[in-house]
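So the structure is just underneath, and the comments pick up after that.
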Amino acid sequence: MLGDLGTASLAAGLSCATLTALLWLRVALLATPVRPARVATTATLLAAALACAVLEVALLRRDFSVRFVAENGGRHVPVHDTLTSLWSALDGSLLLWLLVLCGYAALLAHRRLPPRLQAYAMVVVSVVTAFFFALSSLAANPFRDVHPVPLDGPGPNPLLQQHPAMAIHPPLLYAGYLGLVVPFALALAAPLAGAEGRAWLRIARPWALVAWSALTAGIALGAWWSYAVLGWGGYWAWDPVENASLLPWLTATAFLHTALPGAAPRARWNAVLACASFALVLLGTFLTRSGAVASVHAFTESPLGPLLLGLVLLAVLASTLLAGRGETVADPPRAPLLSRRTAVLVNGVLLVSIAATVLVGTVLPLLTEPLTGARASVGPAYYARTAVPLAIAVLLLAGVAPALRRVRHRTAARRLALPAVAALVTVAVTGLLSRPGVPALAAFGAAAFTLTGLAGELRSLLRRRGRGGAVRLAALLAHAGVALVAVGVAGSSAYGQAREQTIRTGETLRVADVSVRLLAVDRSTGDGRMEVRARLAVTGDGPDRTVRPGLRYDLARDTVVTVPEIGTGLRRDTYVTLLAVAADGGTATVRLAVNPLVGVLWCGAALVVAGGLLASARRAGAGRRRAVPAVTAGRRRAEVSA
């Protein structure tokens, strides 16, 4: 019953999405009333919501006649993990993907925008929606029947049940990914809409900002999950799927900077960035859902790969043919070399260069394997030599650009003098005291330069309290957060220490001034799991305490997951992982790591997200107050008649 209802909802969604695309195309070509197209858009959203609701009900009712429930549900799974298991596997995650995509489509459809621009943009969004409905209906239908019906299921992947971040990490990531479809659609619609297309960039900015904020939060939560669950002690491994989330973030960041009103945007450049951001989202979807890469973040091999790759190529082709053509925003006159506009443009070029570097490192192994028979190895060393220097240059320019805001060169030089002194002092003192290495020193110096400059800007902002203060404050928060993230990454990489050793009961493992002593090994069973934990006494890291890192074996999934213990502080973290235990419980292999400044990294990420949310709120308010651009009388009458 539930399976039939779910399948019917997917079929209805596919029909509604196809009809929606045709109705919006009719609005664009014939200036017909928009109400039918908006009703069809809403119906598509309702179909996606119904599909998600049906699958959630099937999971909660433990209806193992539904294939997705039989493969990912279980009677032993708590309600919280049952609800979030909707996105724990490929087929269910596509339903969440569709729900978010249809939500953005409905929001765009009901905005008051230039009619032809809105209609052509909705055609693009509706075609993308119809594609993913077809994908879910025909190739990844989670509602197919199971015969015979099993009595129980294995539950979701045990790694996804270890941390609360997994409840909101995928929805936020999807909100970030799919929000970028709106700037993409507007960039493609602009040349088709004629004179109305000139407004696309102003309209696209708030959408891109909301998507960027959600994507930033999603990436940060994913890094936190990796750090807290996987047990290796790190938060970013340059994994292909991690890179797939970073790529659209980089190009979206470049788009936001170069699309600022004071940055004198260039039509073709911004259109290319908007299109590239969503094309990279589709590429990341291909990497995650095709089985092309082996990753703890990726789904298993599936038949969706060729179809998704085809959509990527179609998006690239459409972008090549349409992006930046037609009557769009005129290119501004050339800016002086030492100006904020030039600094922002250079920053955008650097961000795109980082994206290109990461893209090469991500895709190269996939290309070399069919050609040579062996997969090329691209590890962290490649990114350290290529992407990290560019990122440090971006951080420096983030401190330079605010000082060049509407000031003469001498005033700018005075504003930059104090940040430069702070950077030099930081590099000198840090280098003499700890010798962390050139990359870390450069990152510390760039962060000091930027934070000092931003502090001066904040003081000036508080003194003037002029118009646009909230938006400038948001930018200062985001840039300060990026600087703190750089400090956290550089500090944890340069000063982090780790050691693993097999120790007997009563023996001690020491790293720096922190030591752990094995007290006992405890075993337990229950809820389809077997668990072993080591009781360890920790000294040298604040008050003495006992920690219990463990190994958990999931019987249904035949999987062992680590359960690390992390002592968190702003200055440093103490990270203890149990790797193995002897059969008699007399010895345990323990990994002890001391990770400095990881707390600074999380604080920086929170500041970046806060800056994005503040700017999004201000942009949304400004958008509601701004009148709709003038349109032709005929189209205005059509809008009223609708």
Side-chain angles (χ1 to χ4, degrees), residues 213 216 220 253 256-257 260 262-263 338-344 346-347 350-351 391-431 433 436 440-492 570-571 596-615 617-618:
S213 301
T216 304
T253 305
L256 285 173
H257 282 77
L260 289 171
L338 188 60
S339 67
R340 178 174 174 267
R341 284 165 49 189
T342 301
V344 169
V346 172
N347 223 350
L350 288 173
L351 286 166
I392 293 172
V394 167
L395 183 57
L396 277 172
L397 278 175
V400 170
L404 302 177
R405 182 192 298 270
R406 296 189 298 273
V407 296
R408 292 192 296 265
H409 292 181
R410 290 182 180 178
T411 308
R414 279 202 306 272
R415 286 191 174 187
L416 294 174
L418 183 59
V421 170
L424 291 174
V425 170
T426 299
V427 170
V429 172
T430 306
L433 294 179
L441 277 178
F444 290 147
F449 178 89
T450 299
L451 289 171
T452 306
L454 293 176
E457 284 295 305
L458 179 61
R459 185 176 64 251
S460 174
L461 178 63
L462 294 176
R463 187 169 59 246
R464 293 179 181 177
R465 298 180 182 177
R467 184 179 178 183
V471 175
R472 287 184 61 191
L473 177 61
L476 292 177
L477 286 176
H479 290 159
V482 170
L484 291 179
V485 168
V487 171
V489 171
S492 59
L570 188 62
R571 186 173 67 91
L597 301 180
V598 176
V600 174
L601 188 156
W602 307 132
C603 290
L607 272 183
V608 176
V609 175
L613 292 176
L614 177 59
R618 295 298 299 174

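Just so you know, these numbers use all the heavy atoms, side chains as well, and skip hydrogens, waters and symmetry mates. For clarity, every value in this text was computed on a predicted model and none was experimentally measured. The first residue in the sequence is number 1, and the count goes up from there.
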Quiz prompt | V600: partners by side chain to side chain contact (heavy atoms under 4.5 Å, CB included), with sequence neighbours left out | solution = L484, V487, L570, L597

Self-check item: Minimal non-hydrogen separation, A474 against G611, with atom names
Solution: CB-O, 3.2 Å

Self-check item: For the student: nearest non-hydrogen atoms of I392 and A442, plus distance
Solution: CD1-CB, 3.8 Å

Quiz prompt | Which atom of A483 lies closest to which atom of A447, heavy atoms considered | solution = O-CB, 3.8 Å

Side-chain donor-acceptor pairs of residues 395-404 under 3.5 Å, sequence neighbours excluded:
none

Self-check item: Value rounded to 0.5 Å, distance of CG in N347 from OG1 in T342
Solution: 12.0 Å

Quiz item: For A486 and A443, which heavy atoms make the closest approach, and how far apart are they?
Solution: O-CB, 4.5 Å

Practice problem: Can you sort out the partners of S492 under side chain to side chain contact (heavy atoms under 4.5 Å, CB included), two or more places apart, ordered by chain and number? | Solution: Y235, V598

Quiz item: In Å and rounded to the nearest 0.5 Å, what is the OG1 to CG distance from T253 to L350?
Solution: 13.0 Å

Under 3.5 Å, which donor-acceptor pairs do the side chains of residues 416-428 form with other protein atoms, sequence neighbours left out?
unit_1, atom_1, unit_2, atom_2, d
T426, OG1, A422, O, 2.8

Quiz prompt | side chain to side chain contact (heavy atoms under 4.5 Å, CB included) involving S213 - partner list, sequence neighbours excluded | solution = L613, S616

Quiz prompt | Check: L454 and L477 side chains under 4.5 Å, non-hydrogen atoms | solution = no

Practice problem: Just jot down the side chain to side chain donor-acceptor pair (under 3.5 Å) partners of T450, sequence neighbours excluded, or say none. | Solution: none

